[in-house]
Amino acid sequence: FSIHALDAPKGSFALEAWLRNDGSMSLSVNNQIAATGKANGLISEQPKESMCVGYDNGAPVAKYKQKATDPFQGKLTGLSVTAGAAEKEN
């Protein structure tokens with residue numbers, strides 16, 4: 001499963017992604033739904049690989065233009081990851 005943008009936005013923007021208990025997924029850009037989908041289920045066990053942001057130090061999850069170990073060249077601010085059963089109201 002993959003999602004591709006036709007045009008990358010310029011400047012700063014806010015991203016929010018959700019994987020809900022029923023497998024529904026959504027991606028918002030600047031508080032506007034940009035993509036939705038349905039997963040086969042939740043992540044069934046804690047990943048064995050450490051979480052990486054801006055690069056991948058283990059097994060890449062996608063084919064990148066550059067090497068997966070090359071760091072992201074932009075700026076990330078206000079990053080948070082929440083795991084649990086919380087649901088977002090849409």
Side-chain angles (χ1 to χ4, degrees):
F1 182 77
S2 63
I3 299 172
H4 301 277
L6 299 176
D7 293 307
K10 303 283 188 238
S12 297
F13 50 95
L15 298 176
E16 185 175 46
W18 287 86
L19 171 59
R20 294 177 187 80
N21 292 334
D22 66 357
S24 62
M25 301 180 294
S26 64
L27 175 67
S28 296
V29 179
N30 294 332
N31 295 316
Q32 299 291 317
I33 297 291
T36 60
K38 182 80 170 173
N40 291 332
L42 299 178
I43 300 170
S44 60
E45 62 183 56
Q46 183 68 27
K48 305 287 188 263
E49 196 178 315
S50 58
M51 183 178 150
C52 302
V53 176
Y55 72 102
D56 194 332
N57 68 354
V61 296
K63 292 181 181 177
Y64 303 107
K65 285 183 183 179
Q66 69 282 356
K67 294 186 308 185
T69 55
D70 289 347
F72 174 67
Q73 299 298 307
K75 181 178 179 182
L76 299 171
T77 59
L79 175 72
S80 69
V81 176
T82 305
E87 291 286 329
K88 179 183 178 186
E89 296 295 324
N90 280 335

According to side-chain contact (heavy atoms from CB on, under 4.5 Å), who are the partners of V53, at least two apart in sequence or on a separate chain? M51, L76, L79

Taking only residues two or more places apart in sequence, or in another chain, which ones meet A39 in a side-chain contact (heavy atoms from CB on, under 4.5 Å)? L19, M25

Sequence-distant partners of Q32, side chain to side chain donor-acceptor pair (under 3.5 Å), two or more places apart: none

For the backbone of D22 and the side chain of K38, can you confirm whether one donor and one acceptor N or O come within less than 3.5 Å of each other? yes

Pairwise distance CZ(R20) to OG(S26) - rounded to 0.5 angstrom: 4.0 Å

Would you call V29 and L15 a side-chain contact if the rule is heavy atoms closer than 4.5 Å? yes

